[in-house]
Amino acid sequence: INQAFGVYAGASDAVVAGKSYTLHVKSPQWGEVQATALAPQQVFFQSVESSLYLTGYDSLARIRYSLLDPPEPNWYMINVQKISATTPVDRYLNPRVFTRLVQDTAFNGQRFEEEFNVIFQNYTEGDSVLVTMSNISPEFSSVMSTLVCFRARDHVEHQSRILSLSLAAQ
């Protein structure tokens with residue numbers, strides 16, 4: 001079932017780590033394609049906290065989390081987005097979330113703890129954030145790395161245009 005924004009769900013049993021899954025897609029415009037991947041082991045946060053971080057120029061969300069990393073190589077995608085009671089359910093699958101990619105090369109098989117700031121947002125006191133983590137394939141991590149770079153570049157260009165317009169208006 002297409003849930004929106006390229007995310008699909010089914011009513012079948014839960015995903016099993018190490019099992020191969022194939023997604024078949026048929027589009028009138030693009031034809032038929034398929035992709036196959038092994039499901040990685042699910043890894044859970046041991047702890048996760050968020051707080052407001054004021055820089056004097058911006059308001060950021062500061063995220064602190066920990067996890068117990070399994071001994072095999074893993075690639076993690078951590079997503080953070082602002083939500084509220086009025087956020088429509090279809091916006092929970094927001095393509096503009098803040099994404100952080102982490103590879104376990106330096107902490108393979110160990111407990112890992114990290115703190116980072118969520119940039120390019122406008123957080124205020126009382127905001128709620130949704131923090132999710134997925135164990136992803138190295139191939140998907142590579143694709144997401146490219147997308148994260150494009151998102152950051154687009155945001156910087158957009159902010160530069162706003163600043164230029166503000167200076168020109170003064």
Side-chain angles (χ1 to χ4, degrees), residues 1-25 27 30 32-51 53 58 60-83 87 89-121 123 127-158:
I1 300 169
N2 183 352
Q3 298 292 313
F5 304 115
V7 176
Y8 294 83
S12 64
D13 295 333
V15 174
V16 177
K19 184 176 177 185
S20 178
Y21 292 87
T22 302
L23 175 66
H24 299 271
V25 178
S27 163
W30 304 108
E32 293 184 42
V33 295
Q34 73 177 29
T36 302
L38 288 176
Q41 177 180 346
Q42 189 171 8
V43 178
F44 298 96
F45 288 118
Q46 283 191 311
S47 66
V48 63
E49 302 169 8
S50 66
S51 60
Y53 176 61
D58 201 357
L60 311 174
R62 178 168 281 170
I63 307 298
R64 182 180 188 87
Y65 71 95
S66 65
L67 61 89
L68 184 56
D69 183 63
E72 66 276 353
N74 292 285
W75 290 259
Y76 299 106
M77 179 173 69
I78 298 153
N79 290 320
V80 181
Q81 72 181 85
K82 187 179 353 180
I83 62 168
T87 302
V89 173
D90 64 345
R91 295 299 296 164
Y92 287 161
L93 302 174
N94 183 349
R96 303 300 294 179
V97 300
F98 177 87
T99 300
R100 181 168 181 81
L101 300 170
V102 178
Q103 185 177 353
D104 72 352
T105 309
F107 59 88
N108 191 17
Q110 301 173 34
R111 183 177 189 279
F112 176 69
E113 186 172 315
E114 177 184 44
E115 182 175 279
F116 64 90
N117 293 325
V118 179
I119 56 176
F120 307 141
Q121 302 290 329
Y123 290 97
D127 283 346
S128 295
V129 293
L130 174 65
V131 183
T132 60
M133 177 176 59
S134 300
N135 190 357
I136 61 176
S137 70
E139 296 82 9
F140 188 60
S141 179
S142 178
V143 169
M144 286 304 299
S145 179
T146 301
L147 292 175
V148 167
C149 288
F150 282 132
R151 260 192 238 158
R153 185 202 67 207
D154 289 347
H155 182 79
V156 168
E157 288 175 0
H158 176 72

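Shown here for A61 and Y123, the closest heavy-atom pair between the two residues is N-CD1, 3.5 Å. Nearest heavy-atom pair, W75 versus S137, reported as atom, atom and distance to 0.1 Å: CB-O, 4.4 Å. Contact between D69 and L67 at its shortest, heavy atoms only, is N-CD1, 3.5 Å. Contact record, N74 with E72: ND2-O, 2.6 Å, taken as the closest heavy-atom pair. In this structure, T99 and M144 approach most closely via the heavy-atom pair CG2-CE, 4.2 Å.
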For residues 106-120, which side-chain donor-acceptor pairs fall under 3.5 Å, sequence neighbours excluded?
{"from": "N108", "atom 1": "ND2", "to": "P71", "atom 2": "O", "distance (Å)": "2.8"}
{"from": "R111", "atom 1": "NE", "to": "Q46", "atom 2": "OE1", "distance (Å)": "3.0"}
{"from": "R111", "atom 1": "NH1", "to": "E113", "atom 2": "OE1", "distance (Å)": "3.0"}
{"from": "R111", "atom 1": "NH2", "to": "S66", "atom 2": "OG", "distance (Å)": "3.1"}
{"from": "E113", "atom 1": "OE2", "to": "R64", "atom 2": "NE", "distance (Å)": "3.1"}
{"from": "E113", "atom 1": "OE2", "to": "R64", "atom 2": "NH2", "distance (Å)": "2.3"}
{"from": "E114", "atom 1": "OE1", "to": "Y65", "atom 2": "OH", "distance (Å)": "2.5"}
{"from": "E114", "atom 1": "OE1", "to": "R100", "atom 2": "NE", "distance (Å)": "3.3"}
{"from": "E114", "atom 1": "OE2", "to": "R100", "atom 2": "NE", "distance (Å)": "3.0"}
{"from": "E114", "atom 1": "OE2", "to": "R100", "atom 2": "NH2", "distance (Å)": "2.6"}
{"from": "E115", "atom 1": "OE1", "to": "R64", "atom 2": "NH1", "distance (Å)": "3.2"}
{"from": "N117", "atom 1": "OD1", "to": "R62", "atom 2": "NE", "distance (Å)": "3.0"}

Could you give the side-chain donor-acceptor pairs of residues 36-44 under 3.5 Å, partners two or more places apart or in another chain?
{"from": "T36", "atom 1": "OG1", "to": "T22", "atom 2": "OG1", "distance (Å)": "2.9"}

Problem set entry | Stepwise side chain to side chain contact (heavy atoms under 4.5 Å, CB included) check, Q81 with N79 | CA-CA 7 Å; Q81 72 181 85; N79 290 320; 6.0 Å; no
For this session: Could you walk me through whether V25 and W30 pass the side chain to side chain contact (heavy atoms under 4.5 Å, CB included) test, one step at a time?
Result: CA-CA 9 Å; V25 178; W30 304 108; over 6 Å; no
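In this structure, CG on L60 lies 12.5 Å from OG on S50, to the nearest 0.5 angstrom. Rounding to the nearest 0.5 Å gives a distance of 5.0 Å between CG of L101 and OG of S141.
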